[in-house]
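A quick write-up on the structure given underneath.
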Number of protein chains: 2
Amino acid sequence: MENAIRDLCAANGKKIVLLVLDGLGGLPREPGGKTELETAHTPNLDALAAASECGLHLPIGYGVTPGSAPGHLSLFGYDPLEYPIGRGVVAAMGIGFPMKAGDVAARLNFATLDAAGAISDRRAGRIPTEKCAELCELLKAVSVKGVEVFVKPVKDYRAVVVFRGKGLSDAVSDTDPQALGVAPLDPVATDPKAAHTAQVAKEFVAAARKILASQTPANGVLLRGFAELPHIPSMKELYKLNPVALAVYPDYKGVARLVGMEAIEDIADLDGQAKELARLWSSHDFFFIHHKYTDSRGEDGDFDAKVKEIEKVDAFLPRVLAMKPDLLIVTGDHSTPAVSKAHTAHPVPFLLNAGESRPDGIAKFGERECGRGVWGVIPGPMLIRIALGYTGKMKKYGA
Amino acid sequence: MENAIRDLCAANGKKIVLLVLDGLGGLPREPGGKTELETAHTPNLDALAAASECGLHLPIGYGVTPGSAPGHLSLFGYDPLEYPIGRGVVAAMGIGFPMKAGDVAARLNFATLDAAGAISDRRAGRIPTEKCAELCELLKAVSVKGVEVFVKPVKDYRAVVVFRGKGLSDAVSDTDPQALGVAPLDPVATDPKAAHTAQVAKEFVAAARKILASQTPANGVLLRGFAELPHIPSMKELYKLNPVALAVYPDYKGVARLVGMEAIEDIADLDGQAKELARLWSSHDFFFIHHKYTDSRGEDGDFDAKVKEIEKVDAFLPRVLAMKPDLLIVTGDHSTPAVSKAHTAHPVPFLLNAGESRPDGIAKFGERECGRGVWGVIPGPMLIRIALGYTGKMKKYGA
């Protein structure tokens with residue numbers, strides 16, 4: 001199917017906007033009550049929904065709770081199960097580290113080792129991020145022949161290491177035994193092609209231990225989740241789109257770059273996103289606009305604050321509409337109900353607004369209303385296909 | 001799945017009618033307006049919809065605009081992506097040429113070559129169809145050892161050539177370089193098994209040039225889209241049906257024959273279709289009735305004329321119902337909105353009327369009404385499966 005789609009797509013200058021409210025989907029606060037989106041006062045979204053085709057989407061599959069990266073991959077038109085993104089890559093993307101094809105990244109935890117070399121604390125007393133950054137600076141001195149090594153702080157005791165060089169592979173086992181009182185494991189190649197990488201990792205760990213020897217409590221490192229960049233065909237290659245990401249948070253710029261999107265740096269807020277949208281309007285044909293805080297307030301369990309974030313996006317919407325996109329999708333990458341304080345498996349409402357469409361008379365942009373929309377419940381990656389079809393960016397199949 | 005279905009099917013004498021209004025799906029003429037089908041006065045279809053299960057179908061997939069041949073394959077229960085139909089076959093089907101398994105067909109364009117043998121006009125001055133037919137007659141004199149050759153006019157400078165013989169393959173490259181000032185390319189086997197066919201094509205082109213040498217302006221031929229009949233299991237084999245096509249246009253008889261349907265010749269209009277339906281009622285159990293002009297008027301961009309064509313089919317409907325089919329599907333093979341003047345990717349409304357079913361209370365046969373029907377949006381090839389199931393033509397799966 002993917003190959004068929006690739007052969008059918010052709011650029012035509014039409015403009016598609018994908019506006020993502022992270023964690024948009026919600027749940028009623030109390031039995032019989034309304035969700036965050038149903039509660040929010042959203043006159044602009046409601047008017048748009050009334051002129052749109054609506055539905056719900058499943059980012060990954062029935063019952064599957066999406067992580068942020070696969071949730072977005074889905075919205076960009078990729079089956080997340082076909083393109084798993086390893087822990088090391090997620091960590092590197094999460095801090096905006098610009099991984100390249102062939103790089104191998106791993107999560108690095110600072111740990112405490114006893115005099116015998118056994119692990120006494122897998123989290124080094126949960127050192128603060130500042131300390132973590134300081135230790136990462138020290139590890140810049142590590143040199144492994146034939147590769148470049150990058151060590152970057154993430155949060156608390158968590159960091160990420162990236163190896164760059166020729167012939168690397170992520171088929172390497174974790175050094176974290178996930179147990180106390182035993183020594184860290186050696187990294188082992190689980191495939192012959194990773195023998196070199198396992199050796200590189202081993203040398204890195206040995207050099208790091210030397211440098212950290214005098215540190216307290218973080219005198220060792222544990223590596224896990226070795227991962228290469230997945231080989232994802234770009235949106236340009238698949239869909240002949242020239243896409244750009246307008247996101248505030250590094251994670252979302254990272255996942256956008258994974259599919260070949262240009263990601264704009266130094267955007268602070270919705271105002272900045274609107275300005276960049278206008279600035280880039282003529283040079284691109286696919287615009288991914290990401291709003292993080294609906295998810296953050298859901299994770300906080302703050303129902304009212306999530307409602308307010310939805311209302312902020314509603315107030316922002318006219319600035320998108322002013323550009324007169326040929327097609328606009330408004331949706332989320334997953335549900336983050338405030339009552340759950342976490343991502344959940346519930347389907348995510350969407351509206352798809354286009355000149356050539358059949359508005360289905362949904363009066364209010366909400367989960368239950370969208371559930372009555374024409375599309376019912378569809379797989380997330382199909383949204384962009386419909387968008388390509390409705391804007392004439394896919395040629396006719398067959399004579 | 002296909003094999004499981006094949007094992008479950010058994011003939012039982014129940015009668016299924018598939019009534020296709022080509023290009024049925026439409027779009028509102030103006031924002032907030034109605035589609036062609038929603039506009040049409042269709043008392044018979046509306047009454048039928050009220051007693052039917054309704055929904056929308058996607059002939060090929062989300063966002064994919066169907067060509068006519070794959071759109072019909074889908075309605076006959078085949079995944080069109082699994083059975084691509086090449087340009088040569090479409091051309092041969094389009095004129096009702098009875099291709100057989102093993103035949104290789106290619107589109108043939110008459111062209112003008114200069115004294116040096118380079119192409120000066122890829123369309124030979126767009127010679128009229130009469131001239132094309134005359135040249136095809138001349139090419140009957142071409143003889144290539146070991147194969148039968150058929151050359152048939154299509155329209156203007158376009159014709160089709162069919163090679164019939166043992167060991168032919170369609171893995172042959174185009175001779176049309178799609179450029180002027182260069183000589184036609186030699187046909188080349190893109191797979192070793194096509195070496196013989198490439199040689200046959202080369203000899204045909206050389207012989208054709210000799211015969212056409214004194215012609216002006218059509219003194220050469222260009223071949224493209226070499227294609228074999230796809231190996232499609234017949235509806236008889238898969239579904240144990242004995243199907244018949246009641247179509248006016250050759251293309252639809254052609255695609256029906258591809259799946260092993262009998263196709264009746266010399267039907268002029270809906271009246272002829274009704275008469276044939278009655279005549280063949282006792283000898284067949286699947287009846288495909290095709291109405292072309294809904295699509296034609298959509299392609300013309302004539303909204304009102306498309307509405308009228310729908311109303312003609314509505315007036316025809318009682319003649320189908322008079323036969324008391326056990327199950328009747330009314331739908332289209334794709335959407336051809338008058339505002340688009342082309343096939344589009346929009347889902348297609350359908351109704352499925354059967355004794356054993358659960359009418360969903362749709363009051364009007366229209367895109368938005370069907371979107372509220374029980375089936376939501378389903379893949380086109382599933383329609384016939386539901387029909388087989390509801391008429392008891394598929395046995396129970398498992399004990």
Side-chain angles (χ1 to χ4, degrees), chain A residues 1-10 12 16 47-48 50-57 77 79 238-239 327 329 350 352-362 370-399, chain B residues 25-28 31-35 38 55-56 58-74 79-91 93-94 107 225 251 255 334-335 337 339-340 342-347 349 366-368 370-372 375-378:
Chain A
M1 184 66 179
E2 204 172 77
N3 282 329
I5 298 299
R6 184 192 309 241
D7 292 345
L8 292 176
C9 285
N12 68 356
I16 299 174
L48 193 66
S52 299
E53 297 185 4
C54 296
L56 297 164
H57 76 91
D79 179 353
L238 267 186
Y239 303 130
L327 191 142
I329 294 168
F350 72 83
L352 190 144
N353 184 265
E356 295 209 343
S357 70
R358 303 177 187 137
D360 44 19
I362 297 306
C370 285
R372 283 187 279 273
V374 64
W375 285 104
V377 183
I378 66 169
M382 296 303 112
L383 270 175
I384 207 167
R385 300 238 180 122
I386 301 170
L388 292 166
Y390 279 22
T391 53
K393 288 177 186 287
M394 274 208 270
K395 289 176 289 182
K396 189 164 68 173
Y397 175 78
Chain B
L27 282 172
K34 292 179 173 180
T35 68
E38 292 165 357
L56 298 165
L58 287 172
I60 299 177
Y62 292 94
V64 180
T65 298
S68 288
H72 277 86
L73 268 194
S74 172
D79 178 353
L81 295 173
E82 263 187 53
Y83 300 104
I85 306 177
R87 183 186 292 269
V89 170
V90 172
M93 288 189 334
R107 258 282 295 280
D251 306 40
V255 69
H334 53 74
S335 295
V339 295
S340 310
H343 298 195
T344 68
H346 300 87
E367 288 86 348
R368 261 74 68 98
C370 285
R372 282 186 280 274
W375 286 102
V377 182
I378 66 170

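First the proteins, then the strands, lettered A, B, ... as listed; each starts at 1.
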Task: Exercise: identify the closest heavy-atom pair between B:Pro70 and A:Gly398 - done: CG-CA, 3.9 Å
TODO: May I ask you to name which of A:Leu383, A:Ile378, A:Leu388 has the most heavy-atom pairs under 4.5 Å with chain B?
DONE: A:Ile378
Open item on the list: When you measure from the side chain of A:Arg358 to the backbone of B:Gly26, do you find a donor-acceptor pair of N or O atoms at a distance under 3.5 Å?
Closed with: yes
- [ ] Could I get the full list of side chain to side chain donor-acceptor pair (under 3.5 Å) partners for B:Thr344, not counting sequence neighbours?
- [x] B:His346
Task: Heavy-atom side-chain proximity of B:Ser340 to A:Glu356 below 4.5 angstrom - done: yes
Task: Result of checking A:Met394, A:Lys396, A:Lys395 against B:Thr65 for side chain to side chain contact (heavy atoms under 4.5 Å, CB included) - done: A:Lys396
Open item on the list: Less than 4.5 Å to any heavy atom of chain A: does that hold for the side chain of B:Leu58, its backbone, both, or neither?
Closed with: side chain
TODO: Considering non-hydrogen atoms only, spot the tightest contact between B:Leu27 and A:Ser357 and give its length.
DONE: CD2-O, 3.5 Å
Open item on the list: Can you list everything that forms a salt bridge (charged side-chain N to carboxylate O under 4.0 Å, His left out) with B:Glu38? Sequence neighbours excluded, please.
Closed with: B:Arg368
- [ ] State the CG-CD1 distance between B:Leu81 and A:Ile5, to the nearest 0.5 angstrom.
- [x] 7.5 Å
Open item on the list: Testing the basics here: between A:Tyr390 and B:Pro347, what is the closest heavy-atom pair and its distance to 0.1 Å?
Closed with: OH-CD, 3.5 Å
- [ ] Could you tell me whether the side chain of A:Tyr397 and the main chain of B:Pro80 form a donor-acceptor pair under 3.5 Å?
- [x] yes
TODO: Work out which heavy atom in B:Val377 is nearest to a heavy atom in A:Val374; give both atom names and the distance.
DONE: CG2-O, 3.4 Å
